[in-house]
Amino acid sequence: MTVLKTSLRNFFAHKGRMALSAVAVLLSVAFVSGTLVFTDTMNTTFDKLFASTASDVTVSPKAAAANDEIPQNGRPESLPASLVEQARKVEGVKDVQGSVASTSVTVVDAKNKNVGPTGGAPTIAVNWTPNELRSVEIASGHEPRGPTEVVVDGATAEKHGLKLGDELRTIAVTGDFTAKIVGTVEFKVTNPGATVVYFDTATAQRELLGKTGLFTQVSVDAKPGVSDDALKADLAAALGGGYKLQTAAEVADAGRESMAAFLDVMKYAMLGFAGIAFLVGIFLIVNTFSMLVAQRTREIGLMRAIGSSRKQVNRSVLVEALLLGLVGSVAGVAAGVGLAVGLMKLMSSMGMELSTRDLTVAWTTPAVGLALGIVVTVLAAYIPARRAGKVSPMAALRDAGTPADGRAGRVRGVLGLVLSGAGAAALVAAARAAEAGPGSLWLGLGVVLTLLGFVVVGPLLAGGVVRALGVVVLRIFGPVGRMAERNALRNPRRTGATAAALMIGLALVAGLSVVGSSMVASATEELDRSVGADYIVRSATGQPIVPQAQAALEKTPGLDHVTEYKWVEARITDPRGKVSAADLAATDPTYVKDLRRETTAGTLTDAYGENAMSVGSDYATEHGVKVGDVLTVAFKGGDTAKLKVAAITADVGQVDKGAMYTSVSTVARHLPAERVPHSLLILASAKDGQETQAYQALKDALAPYPQYKVSNQADYKEELQDQVGQLLNIVYGLLALAIVVAVLGVVNTLALSVVERTREIGLMRAIGLSRRQLRRMIRLESVVIALFGALLGLGLGMGWGTAAQKLLALEGLGVLEIPWPTIVTVFVGSAFVGLFAALVPAFRAGRMNVLNAIASE
């Protein structure tokens with residue numbers, strides 16, 4: 001009880017000093033809790049959606065694409081409409097509905113603006129059936145009743161200002177067709193951002209599938225008392241084995257599995273950044289308790305003198321840490337729910353609608369948040385607590401502050417140098433690795449060891465680096481600058497720990513900047529070296545190019561040639577009899593002009609001869625294939641062909657690495673016409689001297705099809721740079737959390753340092769130091785600490801980035817690009833971070849009463 005009372009008294013007596021550490025715990029726990037709430041909410045949203053739309057048993061074609069795949073020929077796999085009547089006759093069936101659904105459509109309004117989502121969700125065209133009333137209700141108008149009528153979901157109508165009577169044009173592979181809006185629907189459960197349009201059944205069949213009498217799936221509901229599994233078994237017996245049958249639970253599981261990869265990437269990436277924030281927060285907590293213990297040396301000595309044991313002192317500090325962790329974690333869990341709501345709003349602005357009605361806070365979320373926050377805080381305070389327990393009763397007779405342990409400093413320096421050296425060796429091994437797998441392990445080991453090494457050796461480096469920075473930055477400020485330098489050097493361990501928190505965040509920023517810049521530079525160099533086409537036409541969502549758009553493109557004046565590029569699924573049997581799944585790139589012979597591919601054997605032009613193909617060098621090596629060999633190629637949905645290997649392409653670079661080429665005409669001979677894939681992209685080149693005119697003519701020709709984009713090589717490079725830049729900006733935004741915590745650490749260190757130096761500050765003021773000079777001294781001390789952390793972090797990050805780029809060179813990204821403008825900007829920005837962090841501590845120091853400060857103990 002005495003220990004608890006002492007801990008509570010000390011905790012509330014220093015609550016101002018604990019506040020910043022509590023904020024660090026709060027931010028870290030909030031990120032973890034918010035991530036868990038956000039992903040749980042997304043799971044709940046999709047579970048409700050799948051549950052509301054699935055019938056007891058769903059019958060679909062065996063070859064149907066997965067939920068997130070767009071059919072390569074633009075037409076979903078279909079079933080004969082006769083299955084509806086067959087299923088209706090099965091014992092235990094209550095109701096049967098045939099459905100038509102396609103995601104290979106684009107819907108545009110009267111202004112030719114795409115009304116589909118841009119954030120990754122699909123545009124879905126379906127036929128209206130009574131089944132739709134499970135998940136939606138008509139909000140205005142009525143259901144579609146003929147070929148010129150369409151119903152649209154309310155969210156899309158509101159977002160794009162659509163109203164009853166407006167005309168929509170639907171672009172499908174079978175052609176374009178128009179219809180007027182006769183109704184809108186509202187979802188009973190959350191629609192995660194998809195645009196949904198409804199047609200009558202005959203129109204959906206004719207316009208989406210090419211003819212009537214077909215469905216994409218058949219939905220069967222059971223009579224009361226008949227289980228889904230029993231109904232599935234009876235349907236399988238009645239319909240035969242040519243179809244895929246799934247119960248409602250299996251449909252939900254399949255949908256959940258299709259979302260799992262996206263959700264897991266987001267979840268673990270965000271938790272990784274939360275872990276970085278926790279790591280940075282540890283330095284803040286260690287610094288806080290170390291300084292509090294140092295300032296209370298005499299107090300702890302008195303406690304020891306009147307009978308407190310080492311264990312009691314130790315436990316007293318740990319209980320303070322427990323209270324800090326508890327307060328910060330409870331606030332962090334609450335803030336995490338708010339963060340999750342904010343993420344939901346952000347996703348909604350990007351096109352994925354998530355309703356707060358589905359907000360899910362599982363019991364595991366606060367449990368994990370509290371456990372992490374408390375455990376991390378207590379562990380971070382353990383070393384300062386041990387140091388407090390070692391304070392002797394004689395310390396009550398000395399001034400506050402504990403002398404540094406010289407032997408411990410030497411051990412720390414040796415350990416730091418060993419870790420840093422081992423980490424550097426691992427990074428070198430990663431850079432020289434011959435294979436990506438082992439190289440990645442060396443890279444990970446090198447990052448961890450160098451990070452630990454720099455953290456441990458930081459106090460040893462502080463002396464030399466701070467002095468060097470002082471010469472450049474501080475000496476120009478005269479005596480005030482020299483005092484700031486000496487204050488930063490007074491306690492190297494404290495300076496090193498404070499700078500280490502900032503170092504971690506900036507090291508990651510620098511490393512990712514090097515990797516991102518190198519990726520862009522490598523891709524740009526490869527495009528310049530290998531791409532000969534003037535223009536690239538493609539859809540950002542991966543939709544195939546519809547025939548009517550391709551026909552318009554091919555009629556564009558000023559073009560020298562147009563090259564189709566298709567992907568064809570197949571199973572290939574090599575000369576040894578080994579079968580493997582592969583995608584063939586079916587292109588026109590002009591592709592050899594549009595993409596300059598190196599060959600290790602044969603001539604790529606010959607691969608476009610009759611019943612010929614090429615393979616990549618990696619495949620050739622693995623399967624023992626050489627020029628002249630014949631491969632057995634079984635085309636999906638078509639027949640089997642014997643194709644002669646006419647060329648082996650070098651698997652270097654990123655563009656089309658590993659691709660197997662054959663001609664469009666060869667594919668057309670072995671696939672039915674309706675199953676020949678449409679082009680995923682089209683390459684084109686202009687006639688000499690007509691590049692500008694052809695570029696504009698292409699844009700004009702494809703203006704009626706807003707889902708496609710025309711890019712010349714300059715556009716393509718800019719898009720690539722923008723994509724990498726957007727990804728890096730997201731990462732930098734997440735890393736900002738760690739940097740915020742690091743800034744709090746600088747603020748906390750300076751605030752506690754001001755308290756620790758109260759008497760000294762009073763004496764300096766008494767002998768003539770002005771308030772302005774005092775504030776400047778503290779600001780300069782903060783700046784030099786921030787620059788010290790930035791120097792270590794940026795140097796470390798560039799080392800990580802360089803090693804990572806050398807490893808990525810094995811995958812074709814062979815150009816190392818150091819983004820010096822970014823590095824310099826971050827370094828200079830660190831000085832402003834230091835200035836900002838010092839504002840409050842400097843202001844408080846300047847307001848001290850001189851006499852009271854001198855009289856303080």
Side-chain angles (χ1 to χ4, degrees), residues 520-540 544-567 585-599 602-610 612-614 646-647 649-650 652-657 659 661-668 678-723 812 814-815:
V520 171
S522 299
T524 300
E525 184 195 58
E526 186 171 355
L527 287 172
D528 290 336
R529 184 182 68 249
S530 61
V531 176
D534 293 326
Y535 317 110
I536 303 170
V537 180
R538 70 203 187 286
S539 164
I545 297 175
V546 295
Q548 58 271 36
Q550 182 167 331
L553 185 154
E554 290 172 346
K555 295 176 184 176
T556 303
L559 293 182
D560 178 69
H561 67 265
V562 171
T563 304
E564 296 183 76
Y565 189 101
K566 309 170 184 282
W567 276 112
T587 73
D588 293 317
T590 49
Y591 192 68
V592 296
K593 299 179 182 178
D594 295 325
L595 187 70
R596 296 181 283 269
R597 291 298 308 271
E598 298 178 17
T599 57
T603 304
L604 188 55
T605 306
D606 296 338
Y608 293 97
E610 184 175 352
M613 65 178 293
S614 73
T649 55
V652 294
Q654 286 295 299
V655 179
D656 268 7
K657 183 176 181 179
Y661 298 108
T662 191
S663 67
V664 173
S665 58
T666 296
V667 169
H678 296 295
S679 297
L680 282 178
L681 57 87
I682 289 180
L683 304 172
S685 289
K687 295 178 181 177
D688 289 342
Q690 299 187 35
E691 288 81 5
T692 303
Q693 298 91 323
Y695 181 45
Q696 187 58 49
L698 266 178
K699 287 190 170 184
D700 294 341
L702 290 174
Y705 306 98
Q707 69 269 41
Y708 305 122
K709 184 170 185 179
V710 179
S711 304
N712 59 21
Q713 290 198 24
D715 295 334
Y716 196 72
K717 292 173 187 176
E718 186 177 345
E719 290 166 23
L720 181 66
Q721 188 170 356
D722 289 344
Q723 289 171 2
V815 179

Arg597 side chain to Ala650 backbone, donor-acceptor under 3.5 Å: yes

Salt bridge (charged side-chain N to carboxylate O under 4.0 Å, His left out) between Glu526 and Lys657, intermediate numbers included: CA-CA 12 Å; Glu526 186 171 355; Lys657 183 176 181 179; over 6 Å; no

Over 12 foreign heavy atoms within 6.0 Å of CG, Asp688: no

Rounded distance [0.5 Å steps], CG in Leu595 versus CG in Asp656: 5.5 Å

For the student: nearest non-hydrogen atoms of Val815 and Glu525, plus distance: CG2-OE1, 3.3 Å

Donor-acceptor contact below 3.5 Å, side chain Asp715 vs main chain Asn712: yes

Test item: side-chain donor near acceptor, Ser665 and Tyr608, under 3.5 Å: no

Neighbour count >12 (heavy atoms, 6.0 Å) for atom OH, Tyr695: yes

Shortest non-hydrogen contact between Asp594 and Ser685, atoms and distance: OD1-OG, 3.5 Å

More than 12 heavy atoms from other groups under 6.0 Å of CD on Glu598: no

Geometric class of the Tyr708/Tyr705 ring pair [parallel <30°, tilted 30-60°, perpendicular >60°]: tilted

Check: Gln723/Glu719 side-chain N/O donor and acceptor closer than 3.5 Å: no

Minimal non-hydrogen separation, Pro547 against His678, with atom names: CG-CE1, 3.4 Å

Approximate separation, where rounding is to 0.5 Å, of Asp560 CG and Asp534 CG: 9.0 Å

Heavy-atom side-chain contact between Gln721 and Thr524 under 4.5 Å: no

For the student: nearest non-hydrogen atoms of Pro557 and Ala697, plus distance: O-CB, 4.1 Å

Thr603 side chain near Val592 side chain, heavy-atom distance below 4.5 Å: no

Spacing of Leu681 atom CG and Ile545 atom CD1 [to the nearest 0.5 Å]: 6.5 Å

Criterion side chain to side chain contact (heavy atoms under 4.5 Å, CB included) on Ser711 and Arg538, from CA distance to verdict: CA-CA 9 Å; Ser711 304; Arg538 70 203 187 286; 3.3 Å; yes

Considering all heavy atoms, the nearest Val562-Thr590 contact: O-OG1, 4.0 Å

Any donor-acceptor pair under 3.5 Å from Thr662 side chain to Ala586 backbone: no

Sidechain-backbone polar pair: Ser614 side chain, Tyr661 backbone, donor-acceptor under 3.5 Å: yes

Nearest-0.5 Å distance that lies between atom CG in Leu604 and atom OG1 in Thr599: 7.0 Å

Distance (rounded to the nearest 0.5 Å) between Leu683 CG and Tyr565 OH: 9.0 Å

Neighbour count >12 (heavy atoms, 6.0 Å) for atom NZ, Lys593: no

Any donor-acceptor pair under 3.5 Å from Ser663 side chain to Thr666 backbone: yes

Gln690 CD to Gln696 CD distance, which is reported to the nearest 0.5 Å: 14.5 Å

Gln713 versus Leu527, closest heavy-atom pair with distance: OE1-O, 4.2 Å

